[in-house]
Engineer: 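Please read through the structure below; I'll follow up with questions.
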Number of protein chains: 2
Amino acid sequence: MTYEQAQLDALGDGTRRAILDHLLAGPMPVGKLAADFPISRPAISQHLKILKDANLVTDRVDGTRRVYQINSAGFEFLRDYFDRFWSHALDAFKNKVEEQ
Amino acid sequence: MTYEQAQLDALGDGTRRAILDHLLAGPMPVGKLAADFPISRPAISQHLKILKDANLVTDRVDGTRRVYQINSAGFEFLRDYFDRFWSHALDAFKNKVEEQ
DNA sequence: ACTTACGGTAAGTAATGACTTACGAACAAG
DNA sequence: CTTGTTCGTAAGTCATTACTTACCGTAAGT
């Protein structure tokens, strides 16, 4: 599976998007994050694993805590993918349509 | 639900992304599209409905056929959303991190 | 060492969503 | 008006995935 696919799959869930939203406020340990959601901490952990595998967040150890933060590079990668692939493909598509 | 959310949900499925890929070759009726996939035609129709609701494709009637095509505007909307929202939020996030 | 805090993982359940078959509507052709 | 073609939708099934509870490992404090 390519990176973009994993990233789009990861973003295809409302809870994970909400987690990312929360992380925009700054790096946060799992417990603090989970406190803002109606679901259990392990559920948050599982979402974080998916986001991490998709390269959208990174984590660092801080004592017994594990602090997660947005990975800007991952988002830039996805945006570049959008710019490169889709813009070009869409331009080609537009031309094709206008020819007719 | 906002547009971006519906769009990200729609893109969060590999089959739908593959459908969009195929449509990049040009507008296509449902049957022709379904022939390229291992799943049934109704399944394709259901995916197309989701893509249409997300404003990622449009359809037009052609006799008994229904021709679907990529909706560039929808993709531009999503890309702009990415540019506006995420770039700004990510910049703010970067600054916040660098302050520490 | 013992205890408390924190979080990952395993295993099972529940809910969501992708799929199938069956059907009916709309149009074209004879 | 009948027949064939194309496609959407309804209803039900199956698979996926989001979630819970239970448990274990690790680190910090006493």
Side-chain angles (χ1 to χ4, degrees), chain A residues 1-23 25-71, chain B residues 1-23 25-71:
Chain A
M1 179 143 82
T2 68
Y3 248 135
E4 313 89 51
Q5 281 176 331
Q7 291 185 325
L8 288 174
D9 280 343
L11 290 176
D13 178 87
T15 301
R16 283 193 289 271
R17 291 195 296 269
I19 288 176
L20 291 170
D21 260 359
H22 274 253
L23 286 179
M28 237 179 270
V30 177
K32 189 164 185 300
L33 201 49
D36 291 336
F37 288 85
I39 61 179
S40 70
R41 182 192 48 74
I44 300 289
S45 268
Q46 288 159 12
H47 282 304
L48 286 169
K49 178 173 169 50
I50 291 171
L51 289 170
K52 186 182 170 188
D53 288 346
N55 209 32
L56 293 173
V57 302
T58 57
D59 61 340
R60 85 181 104 86
V61 171
D62 172 30
T64 115
R65 305 191 168 186
R66 189 169 284 252
V67 178
Y68 282 85
Q69 73 172 51
I70 295 275
N71 182 21
Chain B
M1 180 143 83
T2 68
Y3 249 136
E4 313 90 50
Q5 281 176 330
Q7 291 184 324
L8 289 174
D9 280 341
L11 290 176
D13 177 88
T15 301
R16 283 193 288 272
R17 292 195 294 269
I19 289 176
L20 291 170
D21 262 357
H22 274 253
L23 286 180
M28 236 178 271
V30 178
K32 189 164 186 299
L33 201 49
D36 292 336
F37 288 85
I39 60 179
S40 70
R41 183 194 47 75
I44 300 289
S45 268
Q46 287 159 13
H47 282 304
L48 286 170
K49 178 175 170 51
I50 291 170
L51 290 169
K52 186 182 170 190
D53 288 346
N55 209 30
L56 294 172
V57 301
T58 57
D59 63 339
R60 86 179 105 88
V61 172
D62 173 28
T64 113
R65 303 190 168 186
R66 190 169 283 252
V67 178
Y68 282 86
Q69 75 172 50
I70 295 275
N71 182 24

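To find a chain, count down the sequence lines: A is the first, B the second, and so on, and within it residues start at 1. Heavy atoms only: backbone and side chains are in, while hydrogens, waters and symmetry mates are out. Not measured: the values here are computed from a predicted model.
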Engineer: Who are the salt bridge (charged side-chain N to carboxylate O under 4.0 Å, His left out) partners of B:Lys32, not counting sequence neighbours?
Structural biologist: none

Engineer: I'd like to know if the side chain of B:Asp59 and the backbone of B:Tyr68 have a donor-acceptor N/O pair within less than 3.5 Å.
Structural biologist: no

Engineer: List for me each residue that meets side chain to side chain contact (heavy atoms under 4.5 Å, CB included) alongside B:Gln46, sequence neighbours excluded, and say none if there are none.
Structural biologist: none

Engineer: Could you check how far CD1 of A:Ile44 sits from P of C:dT9, rounded to whole Å?
Structural biologist: 15 Å

Engineer: Roughly how many Å is it from CG in A:Asp62 to P in C:dG8, rounded to a whole number?
Structural biologist: 13 Å

Engineer: Rounded to whole angstroms, how far apart are CG on A:Leu51 and C1' on C:dG8?
Structural biologist: 15 Å

Engineer: Measuring from the side chain of A:Ser45 (C-beta onward, heavy atoms only), which nucleotide among D:dC7, C:dG7, C:dG8 has the closest atom?
Structural biologist: C:dG8

Engineer: Can you tell me the distance, in whole Å, between the NZ atom of A:Lys49 and the P atom of C:dA10?
Structural biologist: 9 Å

Engineer: For D:dT30, give the paired nucleotide (Watson-Crick: N1-N3 plus N6-O4 or O6-N4; G-U: N1-O2 and O6-N3; both under 3.5 Å), or none.
Structural biologist: C:dA1

Engineer: With sequence neighbours left out, what residues match A:Asp53 under salt bridge (charged side-chain N to carboxylate O under 4.0 Å, His left out)?
Structural biologist: A:Lys49

Engineer: What residues, two or more places apart in sequence or in another chain, satisfy salt bridge (charged side-chain N to carboxylate O under 4.0 Å, His left out) together with A:Arg65?
Structural biologist: none

Engineer: Counting N and O atoms only, with roles assigned by atom type, does the side chain of A:Arg16 sit under 3.5 Å from a partner on the main chain of A:Ala10, one being a donor and the other an acceptor?
Structural biologist: yes

Engineer: Round to the nearest Å and state the distance from B:Ile19 atom CD1 to D:dC7 atom P.
Structural biologist: 13 Å

Engineer: With sequence neighbours excluded, tell me which residues meet side chain to side chain contact (heavy atoms under 4.5 Å, CB included) with A:Thr64.
Structural biologist: none

Engineer: Can you measure B:Leu33 atom CG to D:dG8 atom C1' for me and round it to whole angstrom units?
Structural biologist: 15 Å

Engineer: Check the phosphate of C:dC6 against A:Arg66, side-chain N and O only, distance under 4.0 Å to OP1 or OP2. Yes or no?
Structural biologist: no

Engineer: Could you run through nucleotides 16-30 of chain C and give me one letter per nucleotide, 5' to 3': B if any protein heavy atom sits under 4.0 Å from the base, S if only the sugar-phosphate is that close, - if neither?
Structural biologist: --SBBBB----B---

Engineer: Reckon B:Tyr68 has a side-chain N or O less than 4.0 Å from the OP1 or OP2 of D:dT6?
Structural biologist: no

Engineer: Rounding to an integer number of Å, can you tell me how far A:Asp59 CG sits from C:dT9 P?
Structural biologist: 10 Å

